[in-house]
Number of protein chains: 2
Amino acid sequence: MPADEDPPVTAPGRHPAPTLELVAARAGVSRATVSRVVNGSPSVSPPIAAAVRRAVQELGYVPNRAARSLVSQQSQAIALVAPEDVNRFFGDLFFADIVSGIDSRLEDSDYVLNLMIANHEPSGKTMRYLGGGAVDGAIVVSHHTSDRFLRRITEALPVVFGGRPSVSGLDTYVVDVDNVAGAATATRRLIERGCRRIGLIAGPLTMQGSIDRVTGWRQALDEAGVEAGPVVDGDFTMFGGTAAMREMLEGRDRVDGVFVASDLMAAGAIPVLLDRGIRIPDDVAVVGFDDSAAALTAGVPLTTVRQPSREMGWRMADILIKVLAGQADVPRELILPTELVVRESA
Amino acid sequence: MPADEDPPVTAPGRHPAPTLELVAARAGVSRATVSRVVNGSPSVSPPIAAAVRRAVQELGYVPNRAARSLVSQQSQAIALVAPEDVNRFFGDLFFADIVSGIDSRLEDSDYVLNLMIANHEPSGKTMRYLGGGAVDGAIVVSHHTSDRFLRRITEALPVVFGGRPSVSGLDTYVVDVDNVAGAATATRRLIERGCRRIGLIAGPLTMQGSIDRVTGWRQALDEAGVEAGPVVDGDFTMFGGTAAMREMLEGRDRVDGVFVASDLMAAGAIPVLLDRGIRIPDDVAVVGFDDSAAALTAGVPLTTVRQPSREMGWRMADILIKVLAGQADVPRELILPTELVVRESA
DNA sequence: TTGTACGCGTTATCAC
DNA sequence: GTGATAACGCGTACAA
């Protein structure tokens, strides 16, 4: 009674993958030649190349990634690292655009994307993985100033940040928008509408982008000589936006305009206004930030500051790929423009 | 003038990773012994093991994944494949839960997750990647009946499906809920409330889950002897839900209850009702499906059918890991229970 | 232009 | 218990 018969390690019925050797045998050439053909070396005679390609086709040969990595010292993989709660990450369509952009850049490359949504501080396991050559580089988004690992990760491998990190002096690349200018533009829109009590629903102040948007808001106010209204933290989540708006309305400060530092928060905040019979934009005007898909689901079409999030994703991947290819003239910082999108909320 | 000086292939300043060899030298033992210690082999004397561990620590040694893969024939990576538009995938918080669940199962394993959101039919590149040993297995979600690649992928590597595929006879594993029963429960809730003109906003009928929910809806209606109301396709998106509800209201059939086959669609549909002054649930009762985060952002707290999406993700990863480990007693199909969550909309 | 041979870092099978 | 040594599949100097 074989109670402990060894289960097969590999699933039954899968063919062992053909190797370079096999293809070579079939094409009647050496492994080296096959390798050359596969890697598009010019120094191989057309007839031979054709024969090899046919053999590759017939056998369904596909290069073994591990072997290739081992010799080339490159994994052809990059990591998308987000030190953020999974639901938070997925909940914000802004990141959908980022991923979409990264994806589109990677599509016609050989790189694959590894997802590392690391709740809180990335663990030792994660860091070992990142530093251990398992990926060639990393794109880091949604990072907080408290993240000690920012420095460690940039020391471990080439990194492109989505959003300027608060820590400076890092050996890294950054793709960002001018958050200060964008926020100022949004606030000016409110001022021009005639708003004089302008509140702010901010993102978490552990993120540089949030801080910059606060700065921009205040800057526009100062320029216009308008007194600053109440400030509440909305945490970059929809619920946070809802809670923040409630808090703001319950405060002693009346507002007639609000700059909300992300569309998702605005989508949470606007229903609070509507529920209380407050008209938008007549009683309270609202401007968001991102122009993500949430801008159209807020109840009132949202006037917002568009940031080219999909392009940002594309650019980040593009920069990383160029750096990994050893290209020298890659700019350290790429600042993309924002643009005010006027809809109905302000 | 070195106009074309070779740029360095690797970023400057990164140390070459220490190898087994190096650790061995430092500890004064052979590579084999170090390997044993690293892999927790029992047959190594405690003092030696300690010395090796110290060397590992000091050098910050981390095993080279490629080399390990090459010899073990395993990549320690699994792919999450979604033949779906990126924004669609990210836009539905249901998938956030799935990913979160997968992630939590992978956390204390050595596996990493590769993300493959393949707009439309996965390309040849994708299939080659999947079949080429770059990943040990795959989790496939959001698949459509039209996906010819379902068969190909199951032939290429071990696969766990999220949601029963329409194609049958596949060598694969499935984690799903009983969509028919869930939909019937939802519909019964409406009937018990007194609704007699019950419409349906369906998901895309290219997905088996959508079809099953239609079936469940009709089943409950038939059982109760209630005539079927209008059916409109909502595409599993928020906008789709909005459009579907508009279409339904403009039709000649009056409705006093609607079963919406996903919370996200319900979140799009409910505002349409509210905008027209239709009271929920008094004039029209609404039941959703999923109990995703969207259920609480619909304007009216949504009565819905909860499916344990996070657990589904966890289970899928768990099953895949067990299969990859050669475990024999893994069930081919795991059906998780649904549960009616009563809130205010019905 | 093509083939030979070595090495990439690991694991595993042997002897010792 | 420990150490040589042979794979694993591939890229690439080097030789032919």
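Keep in mind that what you see is a predicted model, and the values were worked out from it rather than measured.
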How would nucleotides 6-16 of chain C be written as a contact map, 5' to 3', with B for base contact, S for sugar-phosphate-only contact and - for no contact, using protein heavy atoms under 4.0 Å?
BBBBBBBB---
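A salt bridge (charged side-chain N to carboxylate O under 4.0 Å, His left out) check over residues 40-56 of chain B, counting only residues at least two apart or in different chains, returns the pairs B:Arg54-B:Glu58.
Ring geometry for B:Phe89 against B:Phe95 counts as parallel: the plane angle stays under 30°, on a 0 to 90° scale with 60° as the upper cut. Aromatic ring orientation, B:Phe90 versus A:Phe90: parallel (interplanar angle below 30°, classes split at 30° and 60°).
The phosphate of D:dG3 (OP1 or OP2) has a side-chain N or O of B:Thr33 nearer than 4.0 angstrom.
With salt bridges taken as basic N to acidic carboxylate O contacts below 4.0 Å, one links A:Arg332 and A:Asp171.
End-to-end axis angle of the helix from C:dT1-D:dA16 to C:dC16-D:dG1, from C1' rotation axes over five pairs per end: 40° (rounded to 10 degrees).
Side chains of B:Val160 and B:Val174 form no contact here, defined as non-hydrogen atoms less than 4.5 Å apart. Side chains of B:Ile153 and B:Val140 form a contact here, defined as non-hydrogen atoms less than 4.5 Å apart. Side-chain contact check for A:Tyr61 versus A:Val38: some heavy-atom pair is nearer than 4.5 Å.
Distance alone, capped at 3.5 Å, is enough to place a donor-acceptor pair between the A:Thr172 side chain and the A:Val159 backbone.
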